[in-house]
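Quick notes on the structure that follows.
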Amino acid sequence: MKKIGVLTSGGDSPGMNPAIRAVVRKAIYHNLEVYGIYGGYSGLINGNIKKLELGSVGDIIHRGGTMLYTARCPEFKSKEGQQQGIEQLKSHGIEGLVVIGGDGSYRGAKALTEQGYPCVGVPGTIDNDIPGTEFTIGFDTALNTVIDAIDKIRDTATSHERTFVIEVMGRDAGDLALWAGLSGGAETILIPEENYDMDEIIERLKKGHERGKKHSIIVVAEGVTSGTEFGKKLQEATNFDTRVSVLGHIQRGGSPTAFDRVLAARLGARAVELLIEGKGGRAVGMEQNKIVDYDIIEALGRKHTLDMNLARLAQELSI
Ligand code: ADP
């Protein structure tokens, strides 16, 4: 393999930049040429492809977002779109592709692999919902952003003796809500992996109030319900002064944490090694602090699982 490409796709996540940097520098270290595909699969179809040098990825290690930009590209779900993408890659002499993104982007990489074009997936999403890795690039940064917000909300919640409902991202996964709720000391955490009982939540809030608790913090994963709707219901049922904060896209930005930068470096570098070894159709991940790789097609058939022991622990610690 002499030339490889790299793209970022789907929702952006903090840490994509250090992942791109790792791919580019590792490839050049091994005397490969690297091409950046700008704008995800959309840029691939349209041939928005440029050669990257060592300096192209200078000064990005600490920046959120992605210097290659990202996009959603429905055309890439069709065979024709995928064929156009492969033709563009071949016309530039690019023999393998690193795709940094979430599960949708993995499906694109899987489609190319099934058509005989070697791709390696690198998990980049704040949702932590990719099977085959304990952590995805961006999750830790988003988590720290959410904790920072919860800590600030806690100050004002205490001063005014209010109940706060905080809606966090995560799509269909409860990881961000659970980890943020546990580390932010939330009274209640609602995650899509578990049904919730409104009466029980109200009971807990009332008991806490009787015990003299000055505030209550409830973290709601976006995959469960709208925080605004839930806050309304809670206010009606308890008559407690209830406010809602939907954290939104601030969770997707910001300088990546050290953890995410190291993870990005390790996973990006491993993806390049796999292409050099002639192993396409793989996805990289981290399990028990070891970098692993697995079949991308088989991996998408697996389900991401949340550690329910953490949910139990959060409940025990918030009595
Ligand atoms: P994420 O990668 O963050 O999960 P999306 O689900 O939006 O984001 O997927 C990103 C892009 O991946 C889509 O816009 C599309 O171009 C491509 N993609 C998603 N699903 C498929 C599929 N089944 N086949 C081919 N490409 C896909």
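For ligands, and for the atoms within them, numbers begin at 1 and follow the listed sequence.
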Geometric class of the Tyr41/Phe76 ring pair [parallel <30°, tilted 30-60°, perpendicular >60°]: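 Correct class here is parallel.
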Flag for His62-Ser255: side-chain donor and acceptor within less than 3.5 Å: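 Result is no, nothing qualifies.
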Asp140-Thr257 side chain donor-acceptor pair, cut-off 3.5 Å: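 A donor-acceptor contact under 3.5 Å links the two side chains.
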Write out the residue and atom name of the closest protein heavy atom to [atom], then the distance separating them to 0.1 Å.
{"atom": "atom 7 (O) of ligand 1", "value": "Arg72 NE, 2.4 Å"}
{"atom": "atom 26 (N) of ligand 1", "value": "Gly108 CA, 3.3 Å"}
{"atom": "atom 11 (C) of ligand 1", "value": "Ser9 OG, 3.6 Å"}
{"atom": "atom 15 (C) of ligand 1", "value": "Cys73 O, 3.3 Å"}
{"atom": "atom 22 (C) of ligand 1", "value": "Arg107 CB, 3.5 Å"}
{"atom": "atom 18 (N) of ligand 1", "value": "Gly104 O, 3.2 Å"}

Taking heavy atoms and a distance under 4.0 Å, where does [X] meet ligand 1: side chain, backbone, both or neither?
{"X": "Phe76", "answer": "both"}
{"X": "Arg171", "answer": "side chain"}
{"X": "Gln82", "answer": "side chain"}

Numbered atoms and elements of ligand 1 in range of Tyr41, under 4.0 angstrom, heavy atoms: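 Selected atoms, number and element: 12 (O), 16 (O), 17 (C).
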For Gly10, atoms of ligand 1 separated by under 4.0 Å from a heavy atom: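 Listed by number with element: 1 (P), 2 (O), 3 (O), 8 (O), 10 (C).
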Has ligand 1 got any nitrogen or oxygen that is less than 3.5 angstrom from a nitrogen or oxygen of [X]?
{"X": "Gly102", "answer": "yes"}
{"X": "Gly11", "answer": "yes"}
{"X": "Asp103", "answer": "yes"}

Ligand 1 contacted by Thr125 (non-hydrogen, < 4.0 Å):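 No, Thr125 has no heavy atoms under 4.0 Å from ligand 1.
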Residue pair Arg204 / Ile218, side-chain heavy-atom distance below 4.5 Å: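 With C-beta onward as the side chain, the pair stays apart.
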Close side-chain approach of Thr136 to Asp127, heavy-atom, < 4.5 Å: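 Thr136 vs Asp127: side chains apart.
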Whether Thr188 side chain and Ile201 backbone form a donor-acceptor pair below 3.5 Å: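 Side chain of Thr188 to backbone of Ile201, a donor-acceptor pair under 3.5 Å: no, none is there.
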Atom CZ of Phe240: over 12 foreign heavy atoms under 6.0 Å: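 Counting other residues, nucleotides and ligands, CZ of Phe240 exceeds 12 neighbours.
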Electrostatic pair Glu161-Lys214, nearest N-O below 4.0 angstrom: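 Salt bridge present between Glu161 and Lys214.
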Under-4.0 Å salt bridge between Arg270 and Glu277: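 A salt bridge is present here (some side-chain N lies under 4.0 Å from a carboxylate O).
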